[in-house]
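A, B, ... follow the sequence lines: proteins, then strands. Residue 1 opens every chain. Owing to the predicted nature of the structure, the values given are computational and were not obtained by experimental measurement.
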Number of protein chains: 2
Amino acid sequence: MADALDPAQMRTYFALTEAVSLLQYEVRQQLQSEGGLSYVQFEILAKLSEAGERQLTMTDLADGVVYSRSGLTHQAGLLEREGLIVRHVSPDDQRATVVAITKAGRARVAKVLPGHVRVVRELLFESLSARDVRTLGDMMSRARDHMRARPPRSAAPRKRSAGSAD
Amino acid sequence: MADALDPAQMRTYFALTEAVSLLQYEVRQQLQSEGGLSYVQFEILAKLSEAGERQLTMTDLADGVVYSRSGLTHQAGLLEREGLIVRHVSPDDQRATVVAITKAGRARVAKVLPGHVRVVRELLFESLSARDVRTLGDMMSRARDHMRARPPRSAAPRKRSAGSAD
DNA sequence: TATTGTTATACTCTATAACTATA
DNA sequence: TATAGTTATAGAGTATAACAATA
């Protein structure tokens, strides 16, 4: 029977998806109610925050988020309209668009971050010991790297390398 | 500094969300391409499958999935139109709607399940030992129970108990 | 009066395809 | 010719509010 997971795997898979789903639900509620941000918008702002001096292009951003270019353009448009980011043509490559977070953008992140952290801490970390946190981090880092390394089975997710084999 | 997670927590949180996000993305792709099902639709069918003889109402279903009633009605409508489920008035309570999976519904689940399991196994479990699976299952079960037990902070998620406070 | 579920509606998210401009 | 990004557009998902029917 190849098309079944063993009981332990089933239990783990369900617990994982359910826990993460509950966590995501709360996180989204918090970001929306306290900062008027969708999760994706928060992710974009957070990435720009982290970047510091480094100039990020639209492609760099799309790289992190699992997202289509047009979707990112749309979200960037919304954020720009709110004055949270600015876009300008890259001096290095006229085709590229450099995205930067504004002061207002940083302020917005600062506004929602405490609540965000509070939710994550109360929901997720409150039930985990320091040792659990390390163990979970190790496992998930490994899993993430494994998934990232895995080449897409069939359709290339038009990320950067266009699949000529198709 | 209460509004920050320690480095280990940050790493764990990011790894967890990123890994799960990658996994969900692949799972969704697979369900859509192999069975024309959204994840929510698959969840509904899976729940009905598991239920066996037990009769589930719309409310029972909404209970499992984090979902509004109208959203569930919408999805149930789509599934019924495809002949994958049937709905009829409950004999016990005339207000309630009993939902049941059809033969075609079971067939659809059987059709997508192997691929679903394959994705989960290849992406998630391939990088985890049997011991990891148990450990992860324990932690996530604990976290899930903790989150389920937690009363909503402010707005009651109109599930069943209507919040009279506010 | 409270509960179950549906309907109408509107809004957001996301992706595809066509397009422009630059390398 | 390939790449970066935008635009137009269309479809799916989700939620709110108003509603009907039953408990």
Item to complete: Answer with yes or no whether the side chains of A:Thr135 and A:Asp132 bring together a donor and an acceptor at under 3.5 Å.
Response: no

Just how far, in rounded Å, is [atom2] of [N] from [atom1] of [X]?
X       : N      : atom1 : atom2 : answer
B:Tyr39 : D:dT14 : OH    : C1'   : 17 Å
B:Glu82 : D:dA12 : CD    : C1'   : 14 Å
A:Asp92 : D:dG5  : CG    : P     : 12 Å
B:Asp93 : C:dT3  : CG    : P     : 12 Å
A:Gln32 : D:dT14 : CD    : P     : 15 Å
B:Arg69 : D:dA18 : CZ    : P     : 17 Å
A:His74 : C:dT12 : NE2   : C1'   : 7 Å
A:Glu80 : D:dT7  : CD    : P     : 10 Å

Worksheet entry | Nearest-nucleotide 5' precedence on DNA chain C, A:Gln41 against A:Arg95 | A:Gln41

Worksheet item: For A:Val133, does its backbone N or O pair with a side-chain atom of B:Thr12 as donor and acceptor, under 3.5 Å?
Response: yes

Discussion item. Given 3.5 Å as the limit, does a donor-acceptor pair link the side chain of B:Glu18 with the main chain of A:Asp145, or not?
Written reply: no

Response to the item:
Of B:Val40 and A:Ser70, the one whose nearest nucleotide on DNA chain D sits closer to the 5' end is A:Ser70

Item to complete: Could you state whether A:Val89 and A:Leu72 fall into the same hydrophobic cluster, counting links through intermediate Ile, Leu, Val, Met, Phe, Trp or Tyr residues with side-chain heavy atoms under 4.5 angstrom apart?
Response: no

Worksheet item: Considering only C:dG5, D:dT6, D:dT14, which nucleotide approaches the side chain of B:Thr73 most closely?
Response: C:dG5

Worksheet, complete the sentence: Closest of C:dA15, D:dT14, D:dT6 to the B:Tyr25 side chain is C:dA15

For [N], take OP1 and OP2 only and decide whether either is under 4.0 Å from a side-chain N or O of [X].
X       : N      : value
B:Arg87 : C:dT6  : yes
A:Gln75 : C:dC13 : yes
A:Ser38 : C:dC13 : yes

Item to complete: May I ask you to say what A:Ser90 touches in the nucleic acid, namely base, sugar-phosphate or nothing, with a heavy-atom cut-off under 4.0 Å?
Response: nothing

Item to complete: Run the salt-bridge test on A:Arg11 and A:Asp6 with the 4.0 Å N-O cut-off and return the result as yes or no.
Response: no

Worksheet item: Does A:Thr59 make a side-chain donor-acceptor contact with the base of D:dA4, cut-off 3.5 Å?
Response: no

